[in-house]
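Small disclaimer: the values here were computed from a predicted structure and weren't measured. Basis for what follows: all heavy atoms, side chains included, without hydrogens, waters or symmetry-related copies.
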Amino acid sequence: MKDTRLAFRRRHSYNTKSNKTRVVKTPGGKLALLYVKKQANVSKCGDCGEKLRGVKALRPMQKKKSISTKRLKHVSRAYGGARGGKCVRQR
């Protein structure tokens with residue numbers, strides 16, 4: 001029977017939210033660990049809390065970085081990436 005136990009690739013050895021992994025089989029037939037990134041959340045409306053349409057789901061650091069363009073973070077309307085369309089109409 002083949003040994004299927006795997007060791008973490010990074011120094012972080014605890015089973016925390018930031019250290020989740022999944023097992024993949026490499027082309028050479030070996031098992032390896034891939035680190036899974038955390039799920040990104042869609043921005044929500046500041047008034048009603050509804051998910052904003054047209055805004056990409058990003059992690060907080062991705063929103064800050066210049067890699068993610070302005071086009072991904074807002075829609076071309078007044079209060080673009082902060083309020084939903086219904087709430088803007090009510091204002």
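Ala32 approaches Thr26 most closely through the heavy-atom pair CB-CG2, 3.9 Å.
The closest donor-acceptor contact from the side chain of Asn19 to the backbone of His12 lies under 3.5 Å. When atom types are taken as modelled, the side chain of Lys73 and the backbone of Gly81 share no donor-acceptor pair closer than 3.5 angstrom. Looking only at distances, a side-chain donor or acceptor of Arg9 sits under 3.5 Å from a matching main-chain atom of Leu33. With Tyr35 contributing its side chain and Arg10 its backbone, the two residues share a donor-acceptor pair below 3.5 Å.
Residues Lys86 and Cys48 are not in side-chain contact: their nearest non-hydrogen atoms beyond the backbone lie 4.5 Å or more apart. Looking only at side-chain heavy atoms (C-beta outward), Leu34 and Thr21 stay at 4.5 Å or farther from each other.
Taking a cutoff of 4.0 Å between a charged side-chain nitrogen and a carboxylate oxygen, Asp47 and Arg91 qualify as a salt bridge.
Note that the CD atom of Glu50 and the CZ atom of Arg83 stand 13.5 Å from one another [nearest 0.5 Å].
Applying the 6.0 Å contact sphere to NZ of Lys38 captures more than 12 heavy atoms from other residues, nucleotides or ligands.
One side chain, Lys20 or Asn15, offers a donor N or O that lies under 3.5 Å from an acceptor on the other. Ser43 and Lys51 are not linked by any side-chain donor-acceptor pair at a separation below 3.5 angstrom, with hydrogens and angles left out of the test.
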